Amino acid sequence: MKFLKFENEIEASKYVSQEIIKEIKENNKAILGLATGSTPIKTYEFLSKDFSLNKTDWSKVSSFNLDEYLGIPEYDEQSYRTFMNKTLFNNINIKLENTHFPNKENNYDDLISKAGGIDFQLLGIGVNGHIGFNEPGSLENSLTRVVDLTEETIEVNAKKFFDGDISLVPHQAISMGLKSIMRAKKIILMALGKSKTETIKKLIKCKNFDINFPASILVSHPNVTIVYDKECLNNEI
Ligand code: PGA
């Protein structure tokens, strides 16, 4: 695992957006694994800005998002489909039919393999070490499946996206598994801000997979970069 520190969220997000643009320029049919949540929002802003200024061509790019809530309609205001359309897809020339989200019917891991596998996977990390919605207890060989969200994740997401109303947050989601994520050729995990300090300190110390800390799976991946900002951790690693 490589760790890269940036001055702030803006600089970290600029770097990650440039890495994504580089990936697309090297391979115009790049297959991207994308994340939702507060962490990638600025990165998507930079990508949207890049498209309006430089017209980077996304027309042959495909994307596979990590997860989607269950129990709300696909185009609900709070769905991850809506989040992605608003923050990125509507602002670039990606074809919406090339943008994918897991659901109970689409056999997501097969769909990803048939497309050729994920070239570049973007990840956030939950305070409890979850990646995607792989909560503590997720198995090393887990594939895309229905998952129950922990109380902690429901509370965090209620605060960030549902005006604090826990009753509005779905209790289940469908998420790529840890094994699905590990199949990506290259991974960038972003950790921004104070709330992730302890999580990243824990990740630095990981040597092996710890079922209680899902992000620890990444220690055995050959191409992972952890992008963090000073507010998260002021140390070089
Ligand atoms: P966040 O969520 O980006 O909103 O902090 C990250 C995650 O839960 O994976």
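Numbers for residues simply follow the sequence, beginning at 1. Fair warning: this is a prediction, and the values are worked out from it, not measured in the lab. Ligands are counted one by one from 1 in listed order, and the atoms in each one are counted from 1 as well.
- For N91, the side-chain hydrogen bond (donor to acceptor under 3.5 Å, both in side chains) partners two or more places apart in sequence, or in a different chain, are S48.
- A salt bridge links E19 to K186: at least one charged side-chain nitrogen sits closer than 4.0 Å to a carboxylate oxygen.
- The distance from ligand 1 to the heavy atoms of K196 drops below 4.0 Å at these ligand atoms: 1 (P), 5 (O).
- The aromatic rings of F83 and Y44 sit perpendicular to each other, their planes meeting at more than 60°, with 30° as the lower class boundary.
- Closest to atom 3 (O) of ligand 1 among all protein heavy atoms lies T39 OG1, 2.4 Å.
- Using the six-membered ring where Trp is involved, H100 and F64 have ring planes that are parallel, under 30° apart on the 30 and 60° scheme.
- Every N/O-N/O distance between T36 and ligand 1 stays at or above 3.5 Å.
- Interface of I125 with ligand 1, defined as ligand atoms under 4.0 Å from a residue heavy atom, comprises 6 (C), 7 (C), 9 (O).
- Within ligand 1, the atoms closer than 4.0 Å to a non-hydrogen atom of G37 are 3 (O), 4 (O), numbered from 1 in the order shown.
- Applying side chain to side chain contact (heavy atoms under 4.5 Å, CB included) to I204 and the options T199, N235, I237, I226 leaves one that passes, I237.
- Below 4.0 Å from some heavy atom of H130 lie the following atoms of ligand 1, by number and element: 7 (C), 8 (O), 9 (O).
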